[in-house]
Structure formats: structure tokens, C-alpha cells
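Because the structure is a prediction, the values reported are computed rather than measured. In what follows, chains carry the letters A, B, and so on, assigned in the order in which the sequence lines appear, proteins first and then strands, with residues in each chain numbered from 1.
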Protein chains: 2
Amino acid sequence: MSTSERRTQEQRSAETRKLLLAATVRSLMEVGYAKTTTAGIARRAGVSRGAQTHHFPDKMALIVSATEEMFDNFATGLERLAADLREGPLTYDGFFDAVWADILEGEWFYSSLEIIVAARGDAELRGHLAPLILDLHERFELTWSHTFVAADPQIVTARVALNLMMNVFRGMAVQAVLRRDEEYFREMLAALKAILAIHVRPVRPGE
Amino acid sequence: MSTSERRTQEQRSAETRKLLLAATVRSLMEVGYAKTTTAGIARRAGVSRGAQTHHFPDKMALIVSATEEMFDNFATGLERLAADLREGPLTYDGFFDAVWADILEGEWFYSSLEIIVAARGDAELRGHLAPLILDLHERFELTWSHTFVAADPQIVTARVALNLMMNVFRGMAVQAVLRRDEEYFREMLAALKAILAIHVRPVRPGE
DNA sequence: ATTTAGAAACAGACCAGCTGGTTTTTCTGT
DNA sequence: ACAGAAAAACCAGCTGGTCTGTTTCTAAAT
């Protein structure tokens, strides 16, 4: 071979693991949890099944690791969008649009949905995922709390308002599976923006 | 046997079919789509696998029929709640509480979530379900439109407001799989009620 | 600087278990 | 007697985990 002669063991491992985790997420995205097989993941990763079992002893380890990485990526992306809103490049409307686009078009939401739904009927998987989700939500809420301020915190705090936004998006994304109705989504998004604008506004640099 | 001597053929068929459909929904609820098997359904229904294949040629037919029934049940329940709101027995707050409880504690939401998520990676299933979902949403929207009136339809129509409610509930129910945090849900529900109260109110009998 | 033993990474065959669909047989109602 | 309903055996296909063999790297010994 000419592309990568003499990689260190650590490099070989890291690359293979990375390929496998990415392939796992891709498989979840493309065919869903039920049809995601270890053989399919190995094929997608361009790696033998032996290599896969070497790095991840069983399917559960693969799924959990992939989820971990996936959650981290999404949270980081959201933090970046929030920073863009605080620091100027993104408008209030643009922020909502970007978050929604990220959920609907990114590979994050549907992959995590597959896993969450699978976890409902699988106590072991649930046990592994619950702490990951808690961390994720904490990162979300931390982001909201220093990116938005409430008009009247007595009624609706920034934290609650943005959690509502996320829940609306989750619900819409679930609907989108069987009904990708752009007009409906535009309408919902516009209403959501208008309604939340009454209760929260983004902080701006000087504040 | 003594419980049901001499049933007519039609009765026997109808009862077995009913048992199978109920068992299908129960299986989706209890173990999820991935672990729902035709054998498991027959066992839950207390019926032989032979009887199952006689009435439903394949798994798809069983799933689709069960979904059909399930959707109808849920829509009917929602229409009843809306009627109770219009005609007195249910308050504005009570209506929201009841819909949320129905979603979180009923067997409808999670069963349909299983199927919707499964449909994402299965074109045939998606084809069967899409029209059912369209019907369901139309029933919802019809219900909203003659149960609520908007304060200012220019900004948010009753239809849009109640769709937002449903989407928030969907999102919360997805979260609830891994994080059943009563306090969080109470907070969200209170905020949702407060926010929507600004934009819509229920119609009352005389109007 | 080479050699070489050992460990880690990787490849692929193998197998037991389960799933869904088909087929054959028995039973129940008309 | 006949047909629809129900039961149960059967089977081909796939899945995930294990097992065995091979290649690639590392580092100690020479």
C-alpha cells in the first residue's frame, strides 16, 4: 500500500474506531435501529467484522459509543449557533431557522430518535443512555441560560421557553417522517418565533 | 369450553382478529417494534400462530391494521376530550392535563412512535402509514378548529396553536423515555398553558 | 542496526438461536 | 359434505457472538 504506510498502532486503532462509530450513526440514519446489524456497520465502515468485534466486544458497546460521540457533536453545534446569536452573525429568526434545519436535515436527531425509541424496550440500553441524555440536556440548558433573557421570568424563564422550542422541534421532526409538509413547517416555525419573542430575547455582547 | 359455546363463524373471526390487533399494540408498547415478533403477538393474544397467519397473511398486514385501529381510538378519545371542554365538564387547564396524560400514560403515543420510527427505514411501511397519518391529522385539526378560537388569527390561528401543543407533547413524550422528570413536565405544561392562553380560548356552548 | 518474541489489530469462518412465511393437518360451524 | 377457522410442524434466511488464523506494529535482546 502507498496511502498510509507504517501507521502507529494507536493511529490504526483510532482510525478504525472512528470509521466504525461513523458507520454506526450512518446505519441508524439510513435503515434505522431494527435493521442496523453489526455486519452492516462493518461493511459501511469498510472494515472486517473481526476488526469490529476487536474494538467493540458487542453491539451494545458500539451503539453506546456512537451515541456518546453523536450527542457531543450535536451539543457542540448548538453551542456554536448560540454563540453566533450572541455575537452578531446570527439573527433571532436565523437562530431558530438554523436549529430547526440542524434537526431536520442533520443526521443527529433521527439517529438519536432511533436509539431512544429502541431504549424504551431495552432496560440495558436505557441504563447506558440515561446518563448521556442528562448530560446533553444540561449542556442545552446551560447554553440557553446564558444566551437568552426572559421578559418576565415569573411567567416563563428563558430555560423553559427554549426547552419548549426544542420540544416543538422534536415533535415536528417526528411528524416529518410521514409528512414532510414544508408549508406546515414554515407556518409552525413562524408561529413559534412570534410566540417566543414575547417571552424571551437574546442577550447581546455588551450586556 | 364453557365460556363461549357455539359462536358463529363471524364472531370467532372477529374475536380472534380483535385479540390479535390488541396484542400487537400491547407488544409494540411493551417491547417495541424491533422486538415485536409474530410469535410473540400470537402468544400475547392467546392464539396459535396458525390462526394469526390465517387472518393476517404477513406481519405488515398485522401492523398496519393494528395502527389503523389505534389511530382511530386515539382520535376518538381526543374528540371526546374536546367535547368535554366545549360542553363544560372540562376546564381549559383540565383539557391540557388530560391530553398530556393520555399521551404519556396511554398506550397510543408510544405504540405509534414505534411504528413511525420503524417506517423511516421501511419504504413499504411508510407507504401504508402515510395516508393513515394524514387522516389522523385532519381529524385533529377539525377538532381544534371547532373547539378553540384565536385571540388574533393574524398572528396565531387556533389550528396552529393546538398543533404546537401537540408537538410540544410529542417532544416531551420522547424525552420521557429516558428522563421521566415529573417536576420538569409540570413546569413545561404550566408554561405551555400560560403561553397558549394568550392566543386561544375554548369556545363555549352559547357561542 | 538486526533480529525476534510478543502483543495488538485485523480477517473471516463458524454456529446456535430466532424470525417470518409456508404447508399440512385438525377442528368447528353451516 | 363442505368451507372457513385454528393448530402445529417445518424450513430457509439472517443475526450476533465466538473461535481460529493472519498481518502489522513494538520493543527487548543481541
Side-chain angles (χ1 to χ4, degrees), chain A residues 1-21 23-24 27-28 30-66 114-115 118 121-122 124-125 128, chain B residues 1-21 23-24 27-28 30-66 114-115 118 121-122 124-125 128:
Chain A
M1 278 297 147
S2 57
T3 50
S4 56
E5 293 156 342
R6 218 152 180 89
R7 290 173 301 166
T8 181
Q9 293 279 54
E10 204 178 336
Q11 283 175 322
R12 300 209 314 158
S13 277
E15 279 176 35
T16 307
R17 288 180 62 95
K18 195 174 173 180
L19 286 172
L20 282 167
L21 294 183
T24 304
S27 174
L28 287 171
E30 288 172 11
V31 300
Y33 187 88
K35 289 182 184 169
T36 285
T37 68
T38 53
I41 291 170
R43 183 173 44 73
R44 270 169 232 269
V47 155
S48 75
R49 240 173 79 60
Q52 174 253 303
T53 57
H54 177 71
H55 289 288
F56 301 93
D58 55 26
K59 196 181 179 184
M60 182 69 64
L62 196 46
I63 299 283
V64 172
S65 293
E114 292 284 346
I115 292 176
D122 185 329
E124 191 189 347
L125 187 56
H128 286 294
Chain B
M1 276 297 149
S2 57
T3 48
S4 56
E5 294 154 343
R6 220 151 178 90
R7 291 171 301 166
T8 180
Q9 293 281 53
E10 202 178 338
Q11 283 176 321
R12 300 210 314 158
S13 277
E15 281 177 35
T16 306
R17 288 179 62 94
K18 194 174 173 180
L19 285 172
L20 282 167
L21 294 182
T24 303
S27 174
L28 287 171
E30 288 172 13
V31 300
Y33 187 87
K35 290 182 182 168
T36 285
T37 67
T38 53
I41 292 170
R43 184 173 44 74
R44 269 169 232 271
V47 155
S48 76
R49 244 174 74 60
Q52 176 254 301
T53 57
H54 178 70
H55 289 287
F56 300 93
D58 55 25
K59 197 182 178 183
M60 184 66 67
L62 195 46
I63 298 283
V64 172
S65 293
E114 292 285 345
I115 292 175
D122 185 329
E124 190 190 348
L125 187 55
H128 286 294

| said: From C-beta outward on A:Arg49, which listed nucleotide comes closest to its side chain: D:dG17, C:dG21, C:dC10? | reply: D:dG17
| query | What's the CD-P distance between A:Gln11 and D:dC25, to the nearest Å? | reply | 10 Å
| request: Determine the minimum heavy-atom distance between A:Ser13 and A:His55, stating which atoms define it. | output: OG-CE1, 3.5 Å
| said: Are A:Ile63 and A:Tyr33 packed together at the side-chain level, in the sense that at least one heavy-atom pair is separated by less than 4.5 angstrom? | reply: yes
| request: For B:Thr53, answer base if it contacts any base atom (sugar-phosphate contacts may also be present), sugar-phosphate if it contacts only those atoms, and nothing otherwise; contact means non-hydrogen atoms under 4.0 Å. | output: base
| request: Figure out the CZ/C1' separation between B:Phe56 and C:dG20, and round it to whole Å. | output: 16 Å
| Between C:dA8 (P) and A:Glu15 (CD): distance, integer Å | 19 Å
| query | In whole Å, what is the span from the CG atom of B:Leu19 to the P atom of D:dA6? | reply | 10 Å
| Reckon A:His55 has a side-chain N or O less than 4.0 Å from the OP1 or OP2 of C:dC10? | yes
| said: How close do B:Val47 and B:Gln52 get, counting heavy atoms only, and between which atoms? | reply: CG1-N, 4.2 Å
| request: Output the single nucleotide from D:dG16, C:dT19, D:dA6 whose closest atom is nearest the side chain of A:Thr37. | output: D:dG16
| task | Side chain of B:His54 only, please: which of D:dT24, D:dG16, D:dG4 is the nearest? | result | D:dG4
| field | Options D:dA6, D:dG17, C:dT22, nucleotide nearest the side-chain atoms of A:Asp58 | value | D:dG17
| field | Spacing of B:Arg17 atom CZ relative to D:dA6 atom P, expressed in whole Å | value | 11 Å
| query | To the nearest Å, how far apart are A:Arg12 CZ and C:dA8 P? | reply | 13 Å
| query | Looking at B:Leu21 and B:Ser65, what are the two nearest heavy atoms and their distance? | reply | CD2-CB, 3.6 Å
| Per B:Lys59 side chain, nearest of listed nucleotides C:dC10, C:dG21, D:dA5 | C:dG21
| said: Nearest whole Å is fine: how far is C:dC18 C1' from B:Arg43 CZ? | reply: 13 Å
| message | Expressed as a whole number of angstroms, how long is the span from A:Ile63:CD1 to D:dG17:P? | response | 10 Å
| query | Which atom pair, heavy atoms only, marks the closest approach of A:Ile41 to A:Leu20? | reply | CG2-O, 3.8 Å
| task | Could you work out which one of C:dG20, D:dA6, C:dC10 sits closest to the side chain of B:Thr38? | result | C:dG20
